[in-house]
There are 2 protein chains.
Amino acid sequence: MGYFMTSRSQNRPNIRAVAMQAGVSTATVSRAINTPERLDPETLKRVLHVVQELGYVPNLTGRSLVMGRTHAVGVVVPNVGWPLFASFARGIEMELNASTLMPIIVSTDDLQDREKDAARALVERSVDGLILISSNLAPGEIERLAPNMFRVHINPQIDGHEHQIRVDDVAGGYLAADHLIKSGHKRIAHVAGEFRSGRDRAQGFLKRLSEEGLEPFVLYTGDFTVEAGEKSVDKILEIGVPDAIFAASDLMAAGVCRALNRAGLRVPDAVSVMGYDDNPIAALLDPPLTTIRQLDIELGKMAGKMFLSLMEGEEAHSEIIVPELIERQTTRSRLRR
Amino acid sequence: MGYFMTSRSQNRPNIRAVAMQAGVSTATVSRAINTPERLDPETLKRVLHVVQELGYVPNLTGRSLVMGRTHAVGVVVPNVGWPLFASFARGIEMELNASTLMPIIVSTDDLQDREKDAARALVERSVDGLILISSNLAPGEIERLAPNMFRVHINPQIDGHEHQIRVDDVAGGYLAADHLIKSGHKRIAHVAGEFRSGRDRAQGFLKRLSEEGLEPFVLYTGDFTVEAGEKSVDKILEIGVPDAIFAASDLMAAGVCRALNRAGLRVPDAVSVMGYDDNPIAALLDPPLTTIRQLDIELGKMAGKMFLSLMEGEEAHSEIIVPELIERQTTRSRLRR
DNA sequence: ATGAAAGCGCTAACAT
DNA sequence: ATGTTAGCGCTTTCAT
């Protein structure tokens with residue numbers, strides 16, 4: 001690493017400069033900033049005038065050191081670049097905006113080592129706490145890395161964390177199957193996804209089917225991508241043409257639709273299709289995709305809210321988010337009138 | 001705001017705890033961390049052992065105070081939740097990962113006041129510098145808010161900033177028109193966008209047309225949304241059916257495609273369509289959208305790189321990014337063989 | 001090679 | 001109502 005200039009930002013006026021200029025002690029300046037009501041109006045006015053004049057901006061680093069708080073909270077996500085996590089981060093930011101807390105977002109690429117590095121870097125910065133989504137770290141591990149820190153976990157891959165928010169993927173899968181069944185579909189294929197979320201969605205799907213005494217038409221497992229959705233259609237059509245296909249992600253559903261179109265099967269006339277996520281693309285597909293909404297921004301807001309309540313001394317608790325159905329135009333009732 | 005617990009994170013071992021336990025001075029511990037080569041191997045080993053034992057993690061707040069650097073850089077974007085800015089932020093993060101710098105991302109909702117607040121909050125945190133994209137602040141304003149700070153500006157709405165990166169929207173519009181003209185389209189409509197970027201794209205588009213002696217079929221201005229794209233088609237079809245429609249955003253292009261389909265006009269057989277951005281949805285539309293790519297991640301990386309070089313003392317300079325054509329399946333040659 | 005001491009910018013007893 | 005002073009965790013001269 002090269003040589004870093006550091007001289008430029010050095011000349012910011014500090015509390016002492018203000019104090020001297022105003023002819024008061026630094027304590028008085030501090031009070032003018034933090035507890036103005038405890039100051040003589042005259043002095044206050046004089047101090048604030050100097051603050052203005054010098055363009056004094058308090059240095060939070062100094063304050064943090066004595067207060068033992070940075071008013072920063074680390075947000076650990078797999079990748080801020082991805083829409084889901086971007087929205088999630090934005091939700092946290094919105095919620096925290098009302099407080100004095102500022103989120104610091106770090107991406108891990110879903111790598112355990114990078115996650116450890118991230119946690120460590122945030123601890124070094126003495127953040128007041130951590131919000132982690134889709135973490136791969138075991139509770140003991142994270143406690144070792146960030147001891148005694150306020151933490152909120154969203155959908156950790158490894159169980160046993162307190163202060164959890166879980167998105168109920170089982171309920172989401174169940175909801176999708178329920179919608180298809182209620183609108184008269186019988187032969188329903190599922191393009192499942194990986195990881196816990198994929199498995200949970202499949203589980204909920206199967207549960208609803210079994211309540212009806214139905215078997216899945218086909219179960220195919222993909223990796224959440226468009227290509228996986230396209231490939232799944234090949235497999236499915238080898239068996240026959242189902243009434244409906246439920247894919248565990250909107251991307252896979254997009255692939256499913258595209259492949260069905262190519263095979264000359266119109267959506268939803270020939271086959272109904274459902275996705276999962278309510279990815280921004282869902283509404284833009286033609287026809288717009290019926291899907292299960294994961295309210296990412298809301299999830300972020302909820303996480304922010306839970307973090308705030310933790311700092312205020314609230315007991316550990318968990319919450320569960322139940323996804324909702326967004327009915328658009330890729331599903332269509334098969335009930336005869 | 002309620003009462004915040006603060007006792008939890010207080011008991012982190014500090015440099016003095018390590019020093020005492022190892023029977024050395026704090027200076028030695030500091031050296032063990034920062035300049036291990038200047039220590040007696042025996043002492044070093046002993047100190048590091050205690051560091052391990054106690055789980056000592058240096059407190060960057062203290063270090064920042066004495067060093068006058070936080071190794072943090074503020075990133076000011078309109079909204080981290082939007083794909084473009086999320087990718088941009090991710091690009092910065094990737095570039096900065098190799099250094100000791102950590103980005104702190106703040107959203108402003110494109111509001112001047114929020115932007116001032118953001119700048120101020122980041123200055124309070126004593127960030128080493130600022131990266132701003134689509135800023136609405138005048139150079140003097142931002143200099144007043146963040147005096148003597150390293151700054152990189154990307155596409156500011158107000159000109160006159162140093163260390164700029166500009167995305168050449170004129171070239172992008174030119175490129176789109178060029179592609180359509182070279183593939184034999186004559187009657188070309190443009191659905192323009194707002195702001196400087198929208199105007200620039202339109203300008204480039206018109207420039208290429210005029211080189212050919214062509215007039216635009218229609219010029220309609222929308223607000224970058226899907227709905228604007230749909231509405232534009234109504235207006236365009238009032239005049240007639242063009243050979244091609246070039247929309248200033250992929251979202252508008254998606255709306256254009258949808259409306260054309262509804263009107264019974266197949267894309268690209270009846271009408272070619274082009275978008276702009278290479279939004280993730282572009283590849284997923286059916287048919288996949290031909291568009292102009294704004295390499296958002298690359299833009300972020302470039303911004304990070306420029307910031308790093310600034311800190312290393314490099315002179316102020318500007319860069320321009322020229323977008324590239326991504327040819328997919330919504331355009332089709334009208335040249336007879 | 002290591003330690004003692006000063007100081008980065010700030011706040012909070014404590015004193016007046 | 002305001003000032004004095006100590007100290008938050010760390011690095012860095014200056015001694016030794």
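Labels below follow one simple rule: chain letters A, B, ... track the order of the sequence lines, proteins then strands, and each chain is numbered from 1.
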Got a list of protein N/O to nucleotides 4-6 of chain D N/O distances below 3.5 Å?
none

TODO: Kindly state each residue pair satisfying salt bridge (charged side-chain N to carboxylate O under 4.0 Å, His left out) with at least one member in residues 295-310 of chain A, sequence neighbours excluded.
DONE: A:Glu298-A:Lys301
- [ ] Provide, to the nearest angstrom, the distance between the CG atom belonging to A:Leu65 and the C1' atom belonging to D:dC8.
- [x] 4 Å
Can you list, pair by pair, the side-chain donor-acceptor contacts under 3.5 Å of residues 54-68 of chain A, counting residues two or more places apart and other chains?
{"from": "A:Asn59", "atom 1": "OD1", "to": "A:Thr61", "atom 2": "N", "distance (Å)": "2.7"}
{"from": "A:Asn59", "atom 1": "OD1", "to": "A:Thr61", "atom 2": "OG1", "distance (Å)": "2.8"}
{"from": "A:Asn59", "atom 1": "OD1", "to": "B:Ser126", "atom 2": "OG", "distance (Å)": "3.2"}
{"from": "A:Asn59", "atom 1": "ND2", "to": "B:Ser126", "atom 2": "OG", "distance (Å)": "3.4"}
{"from": "A:Arg63", "atom 1": "NH2", "to": "A:Asn34", "atom 2": "OD1", "distance (Å)": "3.3"}
{"from": "A:Ser64", "atom 1": "OG", "to": "A:Leu60", "atom 2": "O", "distance (Å)": "2.8"}
{"from": "A:Ser64", "atom 1": "OG", "to": "A:Arg69", "atom 2": "O", "distance (Å)": "3.2"}

- [ ] Would you list the pairs meeting side chain to side chain donor-acceptor pair (under 3.5 Å) in which at least one residue belongs to residues 39-50 of chain A, sequence neighbours left out?
- [x] none
TODO: Enter the distance from B:Ile33:CD1 to B:Leu39:CG here, rounded to the nearest 0.5 Å.
DONE: 10.5 Å
- [ ] Please report, rounded to the nearest Å, how far the P atom of C:dC8 is from the CG atom of A:Asn11.
- [x] 15 Å
Task: Spacing of B:Met20 atom CE relative to C:dG3 atom C1', expressed in whole Å - done: 15 Å
Open item on the list: Show me the pairs that pass side chain to side chain donor-acceptor pair (under 3.5 Å) and involve residues 78-87 of chain B, at least two apart or across chains.
Closed with: A:Arg90-B:Asn79
- [ ] Using a 4.0 Å heavy-atom cut-off across all strands, classify B:Val29 as base, sugar-phosphate, or nothing.
- [x] nothing
Task: Selection residues 113-124 of chain B - residue pairs positive for salt bridge (charged side-chain N to carboxylate O under 4.0 Å, His left out), sequence neighbours left out - done: B:Asp109-B:Arg114, B:Lys116-B:Glu141, B:Arg120-B:Glu124
TODO: Using a cut-off of strictly less than 4.0 Å between a heavy atom of the residue and any atom of DNA chain D, enumerate the qualifying residues of residues 32-64 of chain A by number.
DONE: A:Leu39, A:Asp40, A:Thr43
Task: Whole-Å gap separating P (C:dC10) and NE2 (A:His71) - done: 15 Å
- [ ] Take atom CZ of A:Arg16 and atom P of D:dG3, then tell me their distance rounded to the nearest Å.
- [x] 15 Å
Task: d(CD1, A:Ile15; C1', D:dG3) in whole Å - done: 13 Å
Task: Test side-chain hydrogen bond (donor to acceptor under 3.5 Å, both in side chains) applied to A:Thr108 - qualifying residues, sequence neighbours left out - done: none
TODO: Would you work out how much the helix from C:dA1-D:dT16 to C:dT16-D:dA1 bends between its ends, with each end axis defined by five base pairs, to 10 degrees?
DONE: 40°
Task: Residues which pass salt bridge (charged side-chain N to carboxylate O under 4.0 Å, His left out) with A:Arg125, listed by chain and number, not counting sequence neighbours - done: none
Task: All salt bridge (charged side-chain N to carboxylate O under 4.0 Å, His left out) counterparts of A:Asp169, not counting sequence neighbours - done: A:Arg201
Task: Those residues that, when tested against A:Pro36, pass side-chain contact (heavy atoms from CB on, under 4.5 Å) (two or more places apart) - done: A:Leu44
Open item on the list: Please determine whether the number of non-hydrogen atoms from other residues, nucleotides or ligands lying under 6.0 Å from atom CD of A:Glu315 exceeds 12.
Closed with: no
TODO: In whole angstrom, give the distance that lies between atom CE of A:Met67 and atom C1' of C:dG9.
DONE: 13 Å
